[in-house]
2 protein chains.
Amino acid sequence: MPKKTQRKERETYTISELAREFDISTRTIRYYEELGLLSPERTSGNQRIFTKRDKTRLKLIIRGKRLGFSLNEIKEMIEMYDVAGETEQIKLTLKYGEKKLKEIEEKIKELEMLREDMLSIREILIKRLKELESKK
Amino acid sequence: MPKKTQRKERETYTISELAREFDISTRTIRYYEELGLLSPERTSGNQRIFTKRDKTRLKLIIRGKRLGFSLNEIKEMIEMYDVAGETEQIKLTLKYGEKKLKEIEEKIKELEMLREDMLSIREILIKRLKELESKK
DNA sequence: CTTAAGTTTTACGTTTACGTTAATGTCATT
DNA sequence: AATGACATTAACGTAAACGTAAAACTTAAG
């Protein structure tokens, strides 16, 4: 039997690896853990080990931030992923999810409106520019 | 000649009227002025008078905020509306506008991804719920 | 003219989301 | 075992975006 590669699963990351990858500080990552947004394992020497799952979460957190959600809102959304629970809990989660879904769809609409605004301003500017250039 | 109605244009608002309408504090409105996002006229007694234009701006500011833009970014976007200037200035504004447009389109995409995530979580939850209910 | 409700500026306070520094510990390599 | 690179906790600092309170002024209504 051939020796199996030692590489059982090196699908873990250190804090600075993730920090570099997402272009944030290690402090930020620790802060997210402090708020309960992440809960990485630890080595025997107490250093954080991040799994693929943690990495996915971090990506979610960052996306949420970019979209104007507070860390608290993001936490609530993330917790939806972790509902192990009973029917009542699930129903509540579903309800909250519907609310968030509506908010998200609202935001999409608003962004599209903003986009339209920007596009028409662009048109105006281009027109003005052409006038100026032709009078030159 | 019939007496014209005194109502030449009462299309103005006090600070608290706007505050109520947008559900923000008067402090917030004053703060936006302090940052140069608004510049309302004043009465003889130094009280702020907001025009329709100011109101439109305020709406824009609030929308921007909801979408995760900083007040500074919002200010820069608003200033695009006010470019009276020369070709060079217009070109710069256009360039900045293109950048913002891309950012906005990025955000729309991200929100749509988030929406997909939420939808699939919902599916999972609903499925789990049905299982639990059937085993009852 | 008086009064109440609203407004002004000034200034210090608060929350969120980290930045920064210090003192100490861990890990991999030589 | 020693060196250098990275990690840990603790704690104070900071910028953005307002909140809050005080003291004085305006305005609309009666």
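Below, chain A is the first sequence line, B the second, and so on; all start at residue 1.
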Determine: side-chain N/O of S25(B) to OP1/OP2 of dG19(D), distance under 4.0 Å, yes or no.
-> yes
Hey, does R20(A) reach any base, or is it just sugar-phosphate, or nothing, if we go heavy atoms under 4.0 Å?
-> nothing
Scan I15(A) against the nucleic acid and name what it touches under 4.0 Å (heavy atoms): base, sugar-phosphate only, or nothing.
-> sugar-phosphate
Looking for any heavy atom pair under 4.0 Å, which part of the strands does L71(B) touch: base, sugar-phosphate only, or nothing?
-> sugar-phosphate
On DNA chain C, check which nucleotide each of N46(A) and G45(B) is closest to and give me the residue with the more 5' one.
-> G45(B)
Are D117(B) and R63(A) close enough that some pair of their side-chain heavy atoms sits under 4.5 Å apart?
-> yes
Under 4.0 angstrom, heavy atoms only, what part of the nucleic acid is R48(B) near: base, sugar-phosphate, or nothing?
-> sugar-phosphate
Please state how far atom CD1 in I49(A) lies from atom P in dA7(D), giving the value in whole angstrom units.
-> 12 Å
Does OP1 or OP2 of dT26(D) have a side-chain N or O of T43(B) closer than 4.0 Å?
-> no
Expressed in angstrom and rounded to an integer, what is the separation of Y31(B) atom OH from dT14(C) atom C1'?
-> 13 Å
For Y13(B) and dG6(C), give me the distance from atom OH to atom P, rounded to whole Å.
-> 19 Å
So does R30(A) get a side-chain nitrogen or oxygen closer than 4.0 Å to the phosphate oxygens (OP1/OP2) of dA11(D)?
-> no
Verify the contact: side-chain N or O of R42(A) to OP1 or OP2 of dT9(D), cut-off strictly under 4.0 Å; return yes or no.
-> yes
Touch check for T26(B), heavy atoms < 4.0 angstrom, all strands: base, sugar-phosphate only, or nothing?
-> nothing
Whole-Å distance separating the CZ atom of R27(B) from the C1' atom of dA11(C) = 10 Å
Kindly say if T28(A) contacts the phosphate of dG19(C), meaning a side-chain N or O under 4.0 Å from OP1 or OP2.
-> yes
Examine dA17(C): is either OP1 or OP2 under 4.0 Å from a nitrogen or oxygen in the side chain of Y32(A)? Give yes or no.
-> no
From the candidates dT8(D), dC18(C), dG6(C), the one with an atom nearest any side-chain atom of K65(A) is dC18(C)
